[in-house]
Amino acid sequence: MIRIVQLYPRDMNLYGDWGNARVLQKRLQWRGVDAEIVDHNPGDPTGLDGDIFLGGGGQDAGQDKIQEDLQGHIDALRELVEGGAPMLLICGMYQLLGRTFVTGEGKVIKGAGILPLDTHASTDRLIGNVTLESPEFGQVVGYENHSGRTYVDAGSEPLGKVLRGAGNNGEDQQEGLRYHNVIGTYLHGPVLPANPRIADFLIAKALERRGMTVELGPLPVDEITEKAHRTAASRPR
Ligand SMILES: NC(=O)CC[C@H](N)C(=O)O
């Protein structure tokens with residue numbers, strides 16, 4: 001049984017980010033592996049025990065709400081990240097696994113300080129469809145909507161190079177971050193249905209860590225995901 005943990009889905013779950021958990025669960029089940037989805041929300045007594053971790057996007061107010069609980073789980077999260085646990089962090093949670101997010105009102109929301117990045121909001125929002133080229137995953141498509149501008153430390157590896165859209169900050173053509181087995185990105189959509197290579201990367205890492213050998217071959221859904229990808233890539237910004 002593979003356990004997929006959603007981090008703060010009550011407050012951090014925009015534009016269908018929850019769909020990422022469903023994609024992972026289904027792709028595992030189609031390969032004959034049972035998978036359950038468990039949620040961690042502020043105040044939940046349960047520890048962060050799982051195989052794949054997902055964090056979604058959220059409004060500034062949602063980020064503010066979860067920051068205290070997040071501070072209480074920094075050690076556990078750091079251990080997971082440094083130990084190679086697969087994690088997909090979207091937008092608001094991508095920002096909050098970094099060091100700080102300074103909102104448009106100048107409020108400082110504390111992050112976990114695990115990812116080498118800082119974010120500050122600007123007056124305008126970066127909104128629209130995104131296409132990027134990733135060395136690992138090829139073309140990746142999704143949708144962004146954020147006020148935050150994220151700057152990753154020099155020497156860190158982005159998820160990819162922006163071909164269309166703004167990405168981390170609209171300036172350096174970088175989108176997201178790759179760090180151990182963490183993928184940080186601004187892409188909603190949700191991102192996994194149209195980018196199954198990222199889904200299978202997370203699945204492969206989870207299975208590897210559990211010592212399970214499972215062939216991640218083609219799936220009957222491949223044709224549909226291909227079509228979804230092409231359609232998303234052809235849409236105007
Ligand atoms: N879509 C999001 O997760 C937004 C994150 C954050 N509130 C921002 O505006 O930058």
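Only heavy atoms go into these numbers, but all of them, side chains included; no hydrogens, no water, no symmetry mates. What you see is a predicted model, and the numbers here were worked out from it, not measured in a lab. In listed order, ligands and their atoms are each counted from 1.
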**For Ala76, side-chain contact (heavy atoms from CB on, under 4.5 Å) partners two or more places apart** = none
**Prompt:** Does Asn195 use its side chain to pair, donor to acceptor, with the backbone of Leu192 at less than 3.5 Å?
**Reply:** no
**Asked** Does a donor on one side chain and an acceptor on the other come within less than 3.5 Å for Gln95 and His146?
**Response** no
**Message:** Under a 3.5 Å cutoff, is there a donor and acceptor pairing between the side chains of Arg125 and Asn145?
**Reply:** yes
**Prompt:** Considering only heavy atoms, which protein residues lie less than 4.0 Å from any atom of ligand 1?
**Reply:** Leu14, Gly57, Gly58, Gln59, Asp60, Gln63, Cys91, Gly92, Gln95, Phe101, Arg125, Asn145, His146, Ser147, Gly148, His188
**Asked** Do the side-chain N and O atoms of Asp69 and Tyr8 include a donor-acceptor pair separated by under 3.5 angstrom?
**Response** yes
**Item:** Residues Arg149, Asp172: salt bridge by 4.0 Å N-O rule
**Value:** no
